[in-house]
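Below is one structure, written out as structure tokens, with a few remarks after it.
Note that these values count all heavy atoms, side chains included, but never hydrogens, waters or copies made by symmetry.
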Amino acid sequence: MAQEYFDFTNDLIFRWVMEREENCLAILRAILPELKITAVKRRENEHPVNYLAFDDERGVRFDAIIEDDQERFYDVEMQVANQPGLGNRVRYYQAQIDQETLKKGEDYDDLRESYVIFFCAFDPCGQDRRLYQFHYYEDDDRQLRLPTNSHVILINALGTKGQITPALAAVLDVMNRRRDNANPLAVRLVKEIDDYNRDKKRRRALMNLKMRLKDEWRLGLSEGLDQGRAEGKVEGRAEGKAEGRAEGRAEGKAEGRDEMTLGLIHALQAQGIPQKQIVEALALARKISLAEAQHYYDQVVQATSGGEH
């Protein structure tokens with residue numbers, strides 16, 4: 001039986017690849033050739049966002065702050081699950097860069113130019129573009145841009161529209177497990193990822209991470225089911241009593257089931273469970289089709305997105 005292959009989108013694999021400054025430089029130059037970056041150095045984060053247990057019990061962090069030769073800073077992230085709140089996540093990372101790079105005694109005038117870059121294994125904006133870039137613009141005059149010296153770049157591994165460099169296209173091929181790209185960067189990344197998969201110690205760390213995430217998913221599913229059932233029963237009883245008729249009770253139960261389902265989705269999202277697993281778990285728990293489960297999930301995403309405006 002073939003061993004499981006951990007690819008570039010895996011949290012640990014991505015972290016290990018980005019620990020090498022030559023990879024950081026090549027990837028940043030692939031994304032932003034106009035900046036003409038000639039050198040970079042990784043900057044250790046004093047307040048890491050995420051920790052997961054490693055086999056030697058030291059903390060593992062997945063975010064990387066990078067400084068280039070012009071004192072510009074970059075936070076490069078891998079985003080696999082298409083979860084609500086991506087804009088808030090970007091905002092959080094932007095604040096993190098400002099906090100980490102502002103030296104003691106400096107004020108906002110000393111803030112460095114910064115880039116928050118997300119590699120997404122999905123289309124974050126639904127327009128099939130391979131790269132989205134965001135800045136602050138005036139609502140009525142789109143030519144008027146606020147000079148914050150901050151940039152947000154979302155890279156869509158599934159996109160087909162828009163011009164990107166051959167090197168960035170090679171990185172996206174690596175994300176998508178295409179091994180036939182002859183670009184030197186793609187060849188180097190594939191070789192490194194293969195080496196990490198073969199290394200016994202690193203593979204043990206990868207398996208430990210996988211098991212921990214699976215345990216957290218199971219815990220989240222259990223807690224989500226309990227929470228969803230409780231919320232659904234309360235809503236169903238309240239609606240039924242208010243109507244006071246058989247029709248009212250039926251509607252109340254139906255709405256209660258819907259509330260239970262939505263409560264389950266919210267609880268699983270709070271646990272960081274990927275969309276695909278939430279939909280599958282929902283279909284199994286409610287004994288409904290995957291299409292119906294996806295419909296419920298889309299309702300939550302739409303409601304959450306609407307609340308952000």
Could you go step by step and tell me if Arg204 and Lys201 meet the side-chain contact (heavy atoms from CB on, under 4.5 Å) rule?
-> CA-CA 5 Å; Arg204 184 164 63 250; Lys201 183 177 180 180; 3.9 Å; yes
Can you tell me how far NE2 of His135 sits from NE2 of His151, rounded to the nearest 0.5 angstrom?
-> 4.5 Å
Are Phe122 and Phe119 grouped together when hydrophobic residues (ILVMFWY) are joined by side-chain heavy atoms under 4.5 angstrom apart?
-> no
Quick one: do Asp195 and Arg198 make a salt bridge, cutoff under 4.0 Å?
-> yes
Can you establish whether the number of heavy atoms outside Arg91 located under 6.0 Å from its atom CZ is more than 12?
-> no
Should Asn149 and Leu111 count as side-chain neighbours, where that means a heavy-atom distance under 4.5 Å?
-> no
What pair of heavy atoms forms the shortest contact from Arg188 to Ala26, and how long is it?
-> NH2-CB, 3.5 Å
Distance in Å, Thr38 OG1 paired with Leu25 CG, rounded so as to fall on 0.5 Å steps | 7.5 Å
Is Trp16 reachable from Tyr5 through a run of I, L, V, M, F, W or Y residues, each pair having side-chain heavy atoms under 4.5 Å apart?
-> yes
What is the distance from atom CG of Leu102 to atom CD of Glu106, rounded to the nearest 0.5 Å?
-> 5.0 Å
Compare all side-chain heavy atoms of Ile193 with those of Asn10 and state whether any distance is below 4.5 angstrom.
-> no
Any sub-3.5 Å donor-acceptor pair from Asp110's side-chain atoms to Asp107's backbone N or O?
-> yes
Quick one: pull up CG in Leu32 and CD1 in Ile117 and give me the separation to the nearest 0.5 Å.
-> 5.5 Å
What closest approach, in Å, do Glu138 and Asp140 show between heavy atoms, and which atom pair accounts for it?
-> OE1-N, 2.6 Å
Note, Thr101 side chain near Ile97 side chain (heavy atom, < 4.5 Å) | yes
Minimum heavy-atom distance Met18-Cys24, with the two atoms named | O-SG, 3.0 Å
Take Ile37 and Arg72 through the test side-chain contact (heavy atoms from CB on, under 4.5 Å) and record every step on the way to the result.
-> CA-CA 10 Å; Ile37 305 169; Arg72 294 173 293 225; 4.1 Å; yes
Flag the pair Arg20 and Glu192 as a salt bridge only when some basic side-chain nitrogen lies within less than 4.0 angstrom of an acidic carboxylate oxygen.
-> yes
Is there a side-chain contact between Tyr132 and Gln127 (heavy atoms, below 4.5 Å)?
-> yes
Specify the closest pair of heavy atoms between Glu21 and Lys41, including all atoms of both residues, with the distance to one decimal.
-> OE2-CA, 3.3 Å
Any side-chain heavy-atom pair from Glu100 and Phe73 closer than 4.5 angstrom?
-> no
Are any non-hydrogen side-chain atoms of Met78 and Ile13 less than 4.5 angstrom apart?
-> no
Please confirm whether the backbone N or O of Arg178 pairs with a side-chain atom of Asn176, one donor and one acceptor, at under 3.5 Å?
-> no
Residues, nucleotides or ligands: over 12 heavy atoms within 6.0 Å of Tyr136 OH | no
Knowing that exactly one of Phe6, Phe8, Tyr196 qualifies, which makes a ring-ring contact (aromatic ring centres under 6.0 Å, His included) with Phe14?
-> Phe8
Mark yes or no for whether Thr165, through its side chain, and Ala30, through its backbone, hold a donor-acceptor pair below 3.5 Å.
-> yes
Polar contact flag, side-chain donor to acceptor under 3.5 angstrom, Asp298-Gln294 = yes
Minimum heavy-atom distance Gln163-Arg130, with the two atoms named | CA-NH2, 4.3 Å
Indicate, with yes or no, if Phe134 and Leu86 share a hydrophobic cluster defined by side-chain heavy-atom contacts under 4.5 Å among Ile, Leu, Val, Met, Phe, Trp and Tyr.
-> yes
Charged N to carboxylate O below 4.0 Å: is that the case for Lys210 and Glu4?
-> yes
Which value, rounded to the nearest 0.5 Å, describes the distance between Arg112 atom CZ and Asp98 atom CG?
-> 10.5 Å
Roughly how far, to the nearest 0.5 Å, is CD of Gln99 from CD1 of Ile65?
-> 9.0 Å
Any donor-acceptor N/O pair, Asn23 side chain to Val17 backbone, under 3.5 Å | yes
Taking the inter-plane angle between the rings of Tyr74 and Tyr115 on a 0 to 90° scale, is it parallel (under 30°), tilted (30 to 60°) or perpendicular (over 60°)?
-> parallel
Show the numbers, then the answer: is there a side-chain contact (heavy atoms from CB on, under 4.5 Å) between Leu172 and Ile164?
-> CA-CA 10 Å; Leu172 298 186; Ile164 58 175; 3.9 Å; yes
Any Gln3 side-chain heavy atom under 4.5 Å of Met207 side chain | no
Closest contact, heavy atoms only, Asp123 versus Arg129 = OD2-N, 4.3 Å
Could you check if a side-chain atom of Asn156 sits within less than 4.5 angstrom of a side-chain atom of Cys120, using non-hydrogen atoms only?
-> no
Short side-chain to backbone donor-acceptor contact, Asp128 and Thr160, under 3.5 Å = yes
For the salt bridge (charged side-chain N to carboxylate O under 4.0 Å, His left out) test, which of Asp173, Asp194, Asp7 pairs with Arg179?
-> Asp194
